[in-house]
There are 2 protein chains.
Amino acid sequence: MAEETVSLALTLKDIAREAGVSLATVDRVLHNRPGVRPDTVRRVQETIARNAFQPHVAAAELARGRARRFAFVMPSGPNPFMQQIEAYLGEMSAWLAARRLSVEMVTTDVFDPSVLAASLETLSGDYDGVAVVALDHPGVRAAINDLVEAGTKVVTLVSDVPSSRRHHYVGIDNIAAGRTAGALVGRLIGQKSGKVAIVAGSQGLRDHAERIFGFNQVMASEFPDLNVLPVLEGRDEDDRSEQLLSRLLGRHADIVGLYNVGAGTQGVASALSGAGREKQVVFVGHDVTALTRRLLLQGVMDAAISQNPGHEARAAVRVLLALARGEPILSEQEKIRIDIVMRDNLP
Amino acid sequence: MAEETVSLALTLKDIAREAGVSLATVDRVLHNRPGVRPDTVRRVQETIARNAFQPHVAAAELARGRARRFAFVMPSGPNPFMQQIEAYLGEMSAWLAARRLSVEMVTTDVFDPSVLAASLETLSGDYDGVAVVALDHPGVRAAINDLVEAGTKVVTLVSDVPSSRRHHYVGIDNIAAGRTAGALVGRLIGQKSGKVAIVAGSQGLRDHAERIFGFNQVMASEFPDLNVLPVLEGRDEDDRSEQLLSRLLGRHADIVGLYNVGAGTQGVASALSGAGREKQVVFVGHDVTALTRRLLLQGVMDAAISQNPGHEARAAVRVLLALARGEPILSEQEKIRIDIVMRDNLP
DNA sequence: GGTGTTTTGAGGTACGCAACTCATTTTGAG
DNA sequence: CTCAAAATGAGTTGCGTACCTCAAAACACC
């Protein structure tokens with residue numbers, strides 16, 4: 001039986017004593033306040049580093065006193081995935097309250113750059129942190145940069161704006177997600193050859209485009225016997241997706257695979273069932289919702305690629321909090337994984 | 001643009017005033033201290049509930065003063081999965097230090113019930129919480145119950161002892177994991193018929209037995225064309241696993257699937273490669289390690305069933321902390337998922 | 001050497017709660 | 001009604017940090 005300890009317990013007073021300065025000076029160094037000679041700064045910082053001193057978060061939080069306000073800017077309209085994120089934030093209410101954190105939902109039309117940018121501008125100054133489901137557009141980028149400039153911590157959620165100065169992105173790598181979908185469709189189809197259909201919301205959406213890109217990458221390089229048909233744009237609407245797919249199924253009797261990139265899942269499933277081909281076609285889609293769960297259990301869907309909405313919600317809050325406190329981020333913890341969900345590992 | 005708030009900010013003093021009692025009485029109620037009339041207790045509790053009051057964790061933590069000590073009881077010996085858990089605990093050191101938490105590793109022979117039970121007994125009283133990779137055995141169960149009796153919070157990790165009074169289990173449902181493996185092997189094999197091999201550490205290990213059970217369940221009900229061969233017991237050792245599997249591959253030319261339930265992965269892979277059949281056989285195993293990662297990228301392994309060791313480590317700490325503080329547990333957050341990892345969604 | 005400026009020390013207050021003491025009031029049993 | 005026990009009020013102290021003020025000391029410059 002072996003033991004190993006990972007612990008310590010120093011206070012600011014100890015650091016002050018060891019560095020041979022007063023508490024006030026340590027405080028000045030710790031918070032980058034002016035009025036300390038560079039030489040002294042170095043001495044204090046070395047003492048802190050040498051002792052691996054960590055301020056007691058609880059004490060710091062208590063002393064700071066101020067409650068923190070975060071805003072979540074989410075799409076308006078009935079998107080089940082976004083609703084799940086909101087639901088999980090609701091479940092955290094006790095956790096949030098115990099830390100005197102407030103999280104406010106701001107719904108807006110995230111697909112209209114100017115509206116989204118305007119929404120973001122109104123938040124400036126009022127919040128310590130903002131999580132935003134962002135569209136990658138110059139106006140949005142500028143709005144994000146303005147927020148950052150004003151000292152607000154900004155996290156992009158689900159959809160990134162890599163060229164902005166946002167502090168962190170909480171979401172998955174959509175190209176890898178598309179690749180995963182491609183590998184699944186190809187592998188589950190097996191030896192057969194035939195055609196593969198893709199239904200997306202719009203190829204103008206960054207995440208959809210990236211997923212399609214990854215999907216095609218894998219299909220081209222690894223499944224040459226499968227012929228990928230042109231993308232159907234269903235605008236994430238059930239009716240439209242169903243019509244488009246039904247027509248396609250009618251024209252091609254040898255469709256063996258189907259990748260649904262975005263929402264509109266009900267329409268896609270209806271088209272498949274309507275043609276009586278739900279058992280012959282390998283169907284891979286995204287996200288675990290009440291509907292996809294049912295489709296997986298019924299065997300209509302074969303796999304769902306999922307990014308855990310609960311994890312995303314919590315990760316966004318934790319990252320904002322860590323940023324606001326100046327704490328390090330546990331990057332491993334906050335990284336969102338690409339989950340493959342099949343019938344037997346449904347969460 | 002719509003808004004909705006989830007917040008509040010009361011203190012104990014407010015509760016005392018509203019309930020018409022003194023701070024001392026609220027404190028007594030809050031901590032189940034004696035000396036309060038049942039009637040008053042109820043009144044105070046109602047006030048707390050009505051206002052959804054949450055004590056400020058930072059203030060509580062600071063006032064309590066005492067640092068919390070947790071122990072992780074882990075298997076001795078070189079198990080990569082366990083080493084990963086330890087590594088992630090190490091990465092949390094700054095996080096832990098900032099909260100004045102200490103986590104101590106206690107390695108012991110978890111496969112010998114009496115040794116494990118003895119190890120657990122020695123911890124009594126010294127720790128606020130214990131996470132243990134447990135063997136399901138009456139002696140171990142009793143040791144766990146003793147710890148709980150003494151006020152220590154106990155969490156079982158990876159392997160559960162459901163009949164004990166442990167407060168929480170952090171790990172996956174191994175039957176479901178086996179089912180998932182079965183579905184993957186069956187689906188990835190496709191139309192073909194043939195034989196399927198299983199290599200396990202030992203059928204005496206609860207988690208291995210459960211996985212095999214789930215695997216067989218799915219094979220029997222859904223893949224009648226696949227013939228599951230008797231389980232090989234490789235004791236999680238590379239050499240032994242390789243020998244047994246090599247012999248089996250020699251005897252059966254029509255093996256199309258392989259499920260490696262535990263460790264010994266290197267041996268299993270060597271046997272496959274040695275027979276030159278790594279491309280013909282669908283190979284599903286467990287856990288993402290440096291080795292399985294390489295095998296997945298090479299196409300030798302087709303999928304790995306994984307329980308995120310980092311998540312398990314963090315979840316165990318968070319659950320112990322929440323239990324110690326008397327906070328609610330975010331069950332959704334702490335639930336460990338069964339991850340399906342293929343080449344394109346390698347974390 | 002004197003001036004003004006920068007740096008440092010010393011100390012206080014506040015944050016919200018835990019944990020404790022001690023005095024006072026209320027209650028219930030006889 | 002009496003008296004002990006139970007219940008409650010009032011108050012104190014301390015946790016470790018943030019943030020502030022004011023005075024003293026050190027320093028730079030001419």
Side-chain angles (χ1 to χ4, degrees), chain A residues 7-45 47-48 51-68 96-101 128 324-327, chain B residues 7-45 47-48 51-68 96-101 128 324-327:
Chain A
S7 131
L8 66 154
L10 291 175
T11 73
L12 277 184
K13 220 187 311 186
D14 301 317
I15 298 297
R17 186 160 17 83
E18 184 168 334
V21 298
S22 72
L23 256 178
T25 300
V26 177
D27 183 66
R28 290 180 184 114
V29 171
L30 213 55
H31 299 91
N32 304 311
R33 277 191 261 276
V36 184
R37 229 177 315 157
D39 185 48
T40 312
V41 171
R42 208 171 30 73
R43 191 152 40 96
V44 172
Q45 283 177 338
T47 309
I48 290 177
N51 293 290
F53 169 76
Q54 293 278 128
H56 193 315
V57 277
E61 203 59 20
L62 186 58
R64 187 172 294 110
R66 214 178 79 258
R68 299 185 188 279
L96 293 168
R99 287 159 184 76
R100 299 302 184 266
L101 302 175
D128 301 283
R325 285 177 173 166
E327 286 183 55
Chain B
S7 132
L8 66 154
L10 292 175
T11 72
L12 276 184
K13 220 189 308 186
D14 301 317
I15 299 297
R17 186 161 16 84
E18 184 169 334
V21 298
S22 71
L23 258 177
T25 300
V26 177
D27 183 67
R28 290 183 184 110
V29 171
L30 212 55
H31 300 93
N32 304 311
R33 278 190 260 276
V36 184
R37 228 176 317 156
D39 186 46
T40 312
V41 172
R42 208 169 30 73
R43 190 152 42 98
V44 172
Q45 283 176 337
T47 309
I48 290 177
N51 293 290
F53 169 76
Q54 292 280 129
H56 192 315
V57 276
E61 204 59 22
L62 187 57
R64 181 175 298 103
R66 215 179 80 257
R68 300 187 188 277
L96 293 168
R99 286 158 184 76
R100 300 299 184 267
L101 302 176
D128 300 284
R325 285 177 173 169
E327 284 185 61

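Letters A, B, ... mirror the listed sequences (proteins, then strands); counts begin at 1. Quantities reported herein were computed from a predicted structural model and do not represent experimental measurements.
Partners of B:Asp39 by side-chain hydrogen bond (donor to acceptor under 3.5 Å, both in side chains), not counting sequence neighbours, listed by chain and number: B:Arg42. Not counting sequence neighbours, the partners of A:Arg17 by the side chain to side chain contact (heavy atoms under 4.5 Å, CB included) test are A:Asp14. Remark: A:Ala60 pairs with no residue by the side chain to side chain contact (heavy atoms under 4.5 Å, CB included) rule, at least two apart or across chains. Residues meeting the side chain to side chain contact (heavy atoms under 4.5 Å, CB included) test with A:Ala63, sequence neighbours left out: none. When the side-chain hydrogen bond (donor to acceptor under 3.5 Å, both in side chains) test is applied to B:Asp27, the partners found at least two apart in sequence or on another chain are B:His31, B:Arg33. Partners of B:Arg64 under the salt bridge (Lys or Arg N to Asp or Glu O under 4.0 Å) rule, at least two apart in sequence or in another chain, are B:Glu61. With sequence neighbours excluded, the residues satisfying side chain to side chain contact (heavy atoms under 4.5 Å, CB included) with B:Arg99 are A:Val57, A:Arg325, A:Glu327, B:Trp95, B:Leu101.
Taking atom CD1 of residue A:Ile48 and atom P of nucleotide D:dT17, one finds them 10 Å apart after rounding to whole Å. Between the CZ atom of B:Arg68 and the C1' atom of C:dA18 there is a distance of 12 Å, rounded to whole Å. For the pair B:Gln54 CD and C:dG16 C1', the computed distance is 14 Å after rounding to whole Å. Whole-Å rounding puts the B:Arg325 CZ to C:dC17 P distance at 14 Å. One atom, NE2 of B:His56, and another, C1' of C:dC15, lie 8 Å apart when rounded to the nearest Å. When the C1' atom of D:dT17 is taken as reference, atom CD of A:Glu327 falls 14 Å away, rounded to whole Å. Between the C1' atom of D:dC15 and the CD atom of A:Glu61 lies a distance of 15 Å, rounded to the nearest Å. Atom-to-atom, CZ of B:Phe53 to P of C:dG16 comes out at 10 Å; the value is rounded to the nearest Å.
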Is there any protein nitrogen or oxygen under 3.5 Å from a nitrogen or oxygen in nucleotides 23-27 of chain D, and what are the pairs?
none

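The shortest distance between the side-chain N/O atoms of A:Arg43 and the OP1/OP2 oxygens of C:dT8 is not below 4.0 Å. At the phosphate of D:dC19, OP1 or OP2 sits under 4.0 Å from a side-chain N or O atom of A:Arg33. Between B:Thr40 and the phosphate of D:dT8, there is a side-chain N or O to OP1/OP2 separation shorter than 4.0 Å. Contact annotation: A:His31 side-chain N/O to D:dA18 OP1/OP2 distance is under 4.0 Å.
C:dG30 is paired with D:dC1 under the criterion used here, namely a Watson-Crick or G-U wobble arrangement in which both key atom distances are under 3.5 Å.
For DNA chain D, the residues of residues 18-28 of chain B within the heavy-atom distance limit of 4.0 Å (strictly under) are B:Gly20, B:Val21, B:Ser22, B:Ala24, B:Thr25, B:Arg28, sorted by number.
Closest approach of B:Arg43 to B:Ala19, counting heavy atoms only: NH1-O, 2.7 Å.
In this structure, B:Ile15 CD1 and B:Lys13 NZ are separated by 13.0 Å, a value rounded to the nearest 0.5 Å. Distance check, rounded to the nearest 0.5 Å: CG of A:Leu12 to NE2 of A:His56 gives 11.5 Å.
Nearest to the side-chain atoms of A:Ala63 among the listed nucleotides C:dC17, C:dC15, D:dC19 stands C:dC15. In the set D:dT8, D:dA18, D:dG16, the nucleotide with an atom closest to the side chain of B:Leu62 is D:dG16.
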